[in-house]
There are 2 protein chains.
Amino acid sequence: MDDLTEMLKGTLEGCVLEIIGSEETYGYAITRRLNGLGFADVIEGTVYTILLRLERNGLVQVTKRPSGVGPPRKFYALNDAGREELAKFWAKWQYLSSRIDRLKEGGR
Amino acid sequence: MDDLTEMLKGTLEGCVLEIIGSEETYGYAITRRLNGLGFADVIEGTVYTILLRLERNGLVQVTKRPSGVGPPRKFYALNDAGREELAKFWAKWQYLSSRIDRLKEGGR
DNA sequence: TGCCGGTACTACGTGATACCGAGTACCACT
DNA sequence: AGTGGTACTCGGTATCACGTAGTACCGGCA
């Protein structure tokens with residue numbers, strides 16, 4: 001699949017929120033998860049910038065824990081604001097995708 | 001619906017391509033069409049920048065015609081490159097939306 | 001001991017895109 | 001003359017994903 005980066009704008013952050021929401025996890029694992037889900041070209045640097053943004057915006061709770069196989073990990077979990085943001089993301093996604101699909105079907 | 005601008009990145013251009021592909025039309029009308037389709041906050045300036053970009057990238061054929069109710073209109077039609085780009089857009093959209101929906105359904 | 005690969009995060013800069021505002025201009029109606 | 005709707009252009013801004021370089025911890029292998 002060729003370049004999706006522009007289309008991912010605004011949605012990738014939501015995907016990361018969803019992943020964090022389903023399980024407390026950390027940056028490196030989130031990247032691998034996204035790659036496995038079909039977001040093959042998403043790179044670590046991208047995920048880390050998103051995580052730092054989430055932290056800066058107060059949407060996540062962060063816990064640092066030693067790893068055993070490398071440097072310590074920063075585990076992320078959603079707080080109330082994060083869950084709210086996630087709900088908003090899905091609402092926006094549903095709104096947008098329904099409009100686009102309607103347009104695709106000959107747009108009335 | 002609150003702000004969709006980030007999510008529209010990469011998709012709005014495809015929507016404009018689809019509209020042009022279904023009928024030769026011009027900027028002002030495209031904006032109204034998008035607004036009617038549910039992209040309520042899309043503004044004329046945005047559509048015009050997309051149209052200039054399409055023209056610069058050689059995806060459209062442009063014809064200027066007098067209007068009768070205002071300044072002359074620039075009518076846009078897809079050329080072969082534009083149709084190809086449109087097909088690529090829909091392929092990318094389908095790919096992306098299927099991944100996102102899978103993630104939403106508990107992501108396996 | 002020294003080197004490599006995998007793990008894990010940070011920081012800075014780039015490019016693409018939608019948005020915003022101001023400006024220009026044509027036309028009809030009052 | 002003034003207003004409102006039509007129609008396009010141009011310059012600047014913010015945001016986001018991405019690229020790259022750098023730091024650092026660890027195990028295994030020569």
Without decimals, in angstroms, what is the distance between A/F39 CZ and D/dA17 P?
12 Å

B/R32 CZ - D/dA7 P separation (whole Å):
10 Å

Within the pair A/T5 and D/dC18, is there a side-chain N or O less than 4.0 Å away from OP1 or OP2?
no

Heavy atoms only: give me the nearest A/M7-B/W93 pair and the separation to one decimal.
CE-N, 3.9 Å

Contacts of B/A29 and A/V69 projected onto DNA chain D by closest heavy atom; the upstream (5') one is B/A29

Gap separating the CZ atom of B/F39 from the CG atom of B/L8, nearest 0.5 angstrom:
6.5 Å

Output yes when a side-chain donor or acceptor of B/N57 lies under 3.5 Å from a complementary backbone atom of B/L59, and no otherwise.
no

Rounding to an integer number of Å, can you tell me how far A/R73 CZ sits from C/dC9 C1'?
12 Å

From CG of B/N35 across to P of C/dC19 the rounded distance in Å is 11 Å

5' precedence on DNA chain D between B/G70 and A/G14 (nearest-nucleotide basis):
B/G70

Taking CZ from A/F89 and P from D/dT15, how many angstroms apart are they, rounded to a whole number?
19 Å

Using atom types as modelled and distance alone, determine if a side-chain donor or acceptor of A/K9 lies under 3.5 Å from a backbone N or O of B/G10.
no

Looking only at heavy atoms, which two atoms of B/G58 and B/A81 are closest? And how far apart?
O-CB, 3.8 Å

Applying a 4.0 Å non-hydrogen cut-off, can you work out what A/L52 is touching in the nucleic acid: base, sugar-phosphate, or nothing?
sugar-phosphate

B/T46 side chain near C/dC19 phosphate (N/O to OP1/OP2, under 4.0 Å)
yes

Return whichever of A/P71 or B/T49 has its heavy-atom-nearest nucleotide of DNA chain C closer to the 5' end.
A/P71

Without decimals, in angstroms, what is the distance between B/K64 NZ and D/dT9 C1'?
10 Å

C/dC9 OP1/OP2 closer than 4.0 Å to side-chain N/O of A/Y48:
yes

At under 4.0 Å, does any side-chain N or O of B/R53 touch on OP1 or OP2 of C/dT17?
yes

Please state whether the phosphate of C/dT10, meaning OP1 or OP2, lies under 4.0 angstrom from any side-chain nitrogen or oxygen of A/K74.
yes

For the residue pair A/I100 and B/C15, what are the closest heavy atoms and their distance?
CD1-SG, 3.6 Å

Please state how far atom CD in B/E44 lies from atom P in C/dA18, giving the value in whole angstrom units.
16 Å

Atom-pair distance (CG on A/D41; P on D/dC16), nearest Å
21 Å

C/dT7 OP1/OP2 closer than 4.0 Å to side-chain N/O of A/Y28
yes

Kindly point out which of C/dT7, C/dT17, D/dA17 is positioned nearest to the side chain of A/L12?
D/dA17

Tell me whether the side-chain N or O atoms of B/K9 pair up with the base of D/dT15 as donor and acceptor below 3.5 Å, since no angle test is needed here.
yes

Which listed nucleotide (C/dT17, D/dA7, C/dA8) is nearest to the side chain of B/E13?
C/dT17

When we call it a touch if two heavy atoms are under 4.0 Å apart, what does B/I50 touch: a base, just sugar-phosphate, or nothing?
sugar-phosphate

